[in-house]
Undergrad: 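One structure follows; several queries about it will come next.
Every chain is numbered from 1 and lettered A, B, ... according to where its sequence line falls, protein lines coming before strand lines.
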Amino acid sequence: MSTKPSVARVVLESRLPQLDRLFDYSIPEGMVVTPGVRVKVPLRSSQKNTTGFVVEVASHSSHAGALVPLGDVVSAVPVLAPEIWRLARAVADRQAGNAADILRLAIPPRYVRAEKLWRDRGQPTAVPAIEMQSLLEYSEDELEGLVAPGSRWALTTPWGVDHSPAGEPRPRGATVVAQLAARALAAGGSSVIVVPDWRDLEAHHQALREVISDDGIVLWDSDKVGSERYTEFLRCLSGNPVVVIGNRHAVYAPVVNLRLLVVLDDADDAHREPLAPYPHTRNVALVRQQQTECSLVFAGLAPSMAVWRLHSMGFLGLVEPRKAQRPQVVPTALSVNAERDLRPARLPGIAHQGATEALREGPVLVQVFRAGYSSALACAQCGERGLCSRCHGPLRIGSHGAPPSCAWCATLYARWRCEACNHSVMVPRGQGIGRTVSDFGKAFPKVPVIQSDGQHRVHTVSDSPAIVVATRGSEPLAVGGYRAALLLDGQAMLSRESIGALEDTLSHWEHALSLVRPEGTVYLTEVEGQPALAVASGKYGPLMNAELREREALRLPPSIRLASVSGPSAALTDIASRISSLDASVDVLGPVAMGEGGGRIIIRFPYAIGDRVTAELRAVHLGHISRQRRGVPDRVRIVVDDTGQLDEFAGSE
DNA sequence: AGCACGCCGACT
DNA sequence: GTCGGCGTGCTC
C-alpha cells in the first residue's frame, strides 16, 4: 500500500447547507494537487461539475464508499490559505452558516490574465522601505504594546487633522494607524487594516504611503474592478509581509505572518456584512485574533458598546492619546435664551455669539442630523402635504433647482397648486438640511454657506470664513481646522429608536470635534444629562458603564447574543421550542407575523453557550430544508448577532 | 440545487 | 398489469 497522498479533501463552493462539509476525492495519477488550489469536482447527484478548494491532501479517506476522482485543477495558485480556511470554518459556525459563503467573501473571483501577469512578474525581492516616527500622543512603549503578538486593544485615536506633503488634509488617526503598521512591518509581520468606507480607505492609504513604500502596501478595495481586486489579493500570497488596507472583506486577507489586525470605527454600519451569513467585521476580527495570536486593535474616536463591554471585562486594554488635542465643549442646554432675533430658531445665544466670533477667522462647522435635503414637500402656507394629483404619491425634490416630482409615478410639477389653499410655494417638510442652510444664510448674511450631505458631499473646505452645514458623517475636512463647531441635532440623534443610537451619536460628535482646532470651541445644543457631561469632559466611561448595566438588565446586546430566525410560522414554533429547551438562559421573543404565513423570532442567548446555540440553529435549519415543500418560497433565514435586526423587529411590532 | 429512488391513482 | 405523480434523501 502506498503512503503517498492520493486523497484530496475538498470544500465545495456550494451555498447549500447540506454540502457544507469536506468531501474526499481520489487524486488521479500525475495530477499535481496542493492544499488551497481551486478544483473542479464531479458530484454524482447533480450531474453538473462544481468547483471547490482543496483543504488538505491525505493518504487515506475515512469515507466508506468508493472515491470519485478529482476533475481538474483550475489553477495552481493556492488561493485558500490554511489559516483562512480555519477562519472561514469558525466564522461560519459562529454565524450558523456555511463556510463556502465565507470563502465567497474572502476569495475574489479569478482573473486568468491578472494571474498570468502576477506569475510572470515573480516574487518581489526588495524589502519595502519603512519610516518609523514617534508620536506626540502615545509613548513608544504604548505603540510597541499595541503591536505585541496576542494583545488586544481599544485604541482611542487622536483628534485633529494632518496634512500630506501636497497639503491634503486627513484625520490624524490615519497617521497613528500607519505608524502601528510600520512597526509591525519592521518586526517582519503583516498588518490588516479594515476601515468602513472609501474615505477612510483613502486617508489611511495616503498615510501609509508616507511611511511605507508601495511594494509593502496592498489596497483591498471591493470597489475596484475584478481583475485589480484579484491582483491585489494575489499580492497578499506573495510570501512577503505586507500591509493590507481595505474595507470589510479585507479582514480575510491571506497575509503571511499576521502581526497586527486593526478595525477602524467598528460601530459603523459598513462593517455589517449584508451577505449571508452576515458576519460582522468585529466578530471576524475577534475570531481571527484568537486563532492567529496577532494583536487586535479596535481604533476610533469613541468606543462602540461592544468594544467597551470587552474592555470592561478586561478582554481589551484601553489606550488613549496622552496629549489631548481635544477642543473645549460647551453644552448650551442650560443657557436657553428667550429673545427672538435673526438667529436660527435652534441656536442658543451663546453658540450664536461663539460662531460669530469664530467666523471672523475661519470656517465654522454646523453638524445636523437629517440626511440630505428633506425630500418630502409641504405647502408653505398651510402645511398640507404635497401629493401627486394623479396617483396621490408623495412629491419630492430631487436635485437642486429641479422641479418637484412624484416619488411614485415621476410626474413633474413645474407649476404646483396646493389642493387645500391654492398656494403655489412648497417647502421641505420637517427639519431638513436645506432649512438649516437657509436659516444660517439669513442669520449670517455676509458669510458664505457651504452645504455637504450624502448626495453632494464636499471633501475639504479652505481656511477662509464660511459656515459649513453638514449632515453627520458628511463633514468636510477643513484645511486649517474649524474654528468652532455647532452640534445641532444631538437630542434627535440620541432619541432615535435604534439600539445603536448612543454609540453612533457619540462617534459622530467626536468626529466633528476631531475636525476642530484644539483651541476652538464646540457648542452642543439641546442635550442634557450624562451624554452632555460625557462629551463635555471627554470621559465616556461612566456613561458607557451605565448603558452597559442597563442593557444587561434588559437583556440587550452587547450584553447577550442575538439570533433572528424568519420563515414559515410552523418552522418558527418548532425552532423556538428546540432552541429554548437547550438551556434556561435562552429566551425567545415573538413570533411576529411578517407577510403571508411567515414571521420572525428573536433568540437571546449568553456568550457562554453561543457555540451550542449556533450549532443547534444549524441543525434545525438543515432539518427544515429537507422538510421544505416545493413551491413554498419563504425559506428559513437565520441572522446571528446583527443588531439591525433588533431595530427592524421593534419597528414591526 | 438537481436528480434518483420509491410507493400510490388513472390509463392503453 | 404499467406510466407517472412528486415526497424524501443523497451528493466523496
Side-chain angles (χ1 to χ4, degrees), chain A residues 1-75 78-80 82 85-86 88-89 92-93 95-105 107 109 275-278 565-571 573-575 578 597-598 615-639:
Chain A
M1 192 207 284
S2 88
T3 51
K4 81 176 167 79
S6 57
V7 175
R9 314 204 71 199
V10 175
V11 52
L12 303 177
E13 285 185 272
S14 165
R15 304 224 38 213
L16 300 170
Q18 306 93 300
L19 302 183
D20 184 28
R21 56 209 160 90
L22 297 182
F23 286 79
D24 290 355
Y25 287 89
S26 64
I27 301 173
E29 201 64 42
M31 188 183 279
V32 182
V33 176
T34 51
V37 296
R38 188 183 241 131
V39 287
K40 284 185 180 155
V41 293
L43 259 189
R44 179 169 48 89
S45 307
S46 61
Q47 209 55 31
K48 233 170 52 183
N49 284 353
T50 25
T51 57
F53 302 96
V54 175
V55 166
E56 56 182 339
V57 290
S59 45
H60 301 286
S61 169
S62 51
H63 181 61
L67 295 190
V68 168
L70 219 54
D72 258 336
V73 174
V74 174
S75 151
V79 286
L80 177 57
W85 165 245
R86 278 203 305 153
R89 183 68 271 163
D93 290 345
Q95 302 293 125
N98 35 306
D101 279 341
I102 302 292
L103 296 181
R104 200 162 48 117
L105 309 174
I107 301 172
L275 297 174
Y278 321 102
V565 184
S566 51
S569 304
T573 44
D574 176 48
I575 292 170
R578 282 184 61 180
E616 181 70 7
L617 271 171
R618 219 176 129 60
V620 182
H621 189 191
L622 260 161
H624 279 276
I625 281 161
S626 52
R627 239 171 291 167
Q628 217 170 98
R629 266 180 279 157
R630 319 200 310 168
V632 180
D634 43 353
R635 305 205 307 268
V636 172
R637 198 173 79 115
I638 299 172
V639 182

Undergrad: Can we say Asp20(A) and Arg89(A) salt-bridge, meaning some charged N sits less than 4.0 Å from an Asp/Glu carboxylate O?
TA: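 Salt bridge between Asp20(A) and Arg89(A), a charged N being under 4.0 Å from a carboxylate O: yes.
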Undergrad: Determine the minimum heavy-atom distance between Ile638(A) and Leu617(A), stating which atoms define it.
TA: CD1-O, 3.7 Å
Undergrad: Nearest whole angstrom, please: distance from the P of dT11(C) to the CG of Asn49(A).
TA: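 So the two atoms are 17 Å apart, to the nearest Å.
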Undergrad: By the 4.0 Å heavy-atom rule, please label Arg21(A) as base, sugar-phosphate, or nothing.
TA: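 Base contact.
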Undergrad: Which whole-number value in Å describes the distance from Gln18(A) CD to dT8(C) P?
TA: 15 Å
Undergrad: So which atom in Asn49(A) and which in Pro42(A) form the shortest heavy-atom distance, rounded to 0.1 Å?
TA: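 Distance-wise, the nearest heavy atoms are OD1-CA, 3.4 Å.
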Undergrad: Round to a whole Å and report the spacing from CG of Leu22(A) to C1' of dT11(C).
TA: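 Roughly 14 Å, once rounded to whole Å.
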Undergrad: Please state how far atom CZ in Phe53(A) lies from atom C1' in dC12(C), giving the value in whole angstrom units.
TA: 18 Å
Undergrad: Hey, does Leu67(A) reach any base, or is it just sugar-phosphate, or nothing, if we go heavy atoms under 4.0 Å?
TA: sugar-phosphate
Undergrad: Write down the distance between CG (Leu43(A)) and C1' (dC10(C)), rounded to a whole number of angstrom.
TA: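 The distance from CG of Leu43(A) to C1' of dC10(C) comes to 10 Å, rounded to the nearest Å.
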Undergrad: Quickly work out the Leu12(A) CG to dC12(C) P distance and round it to whole Å.
TA: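 Rounding to the nearest Å, CG of Leu12(A) and P of dC12(C) are 9 Å apart.
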Undergrad: Over how many whole Å does the gap from Glu56(A) atom CD to dC12(C) atom C1' extend?
TA: 14 Å
Undergrad: How would you list, by chain and number, every residue that makes a side-chain contact (heavy atoms from CB on, under 4.5 Å) with Arg15(A), sequence neighbours excluded?
TA: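 With sequence neighbours excluded, Arg15(A) shows a side-chain contact (heavy atoms from CB on, under 4.5 Å) to Asp101(A), Arg104(A), Ala276(A), given in chain and number order.
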Undergrad: Rounded to the nearest Å, what distance is computed from the CG atom of residue Leu16(A) to the C1' atom of nucleotide dC12(C)?
TA: 16 Å
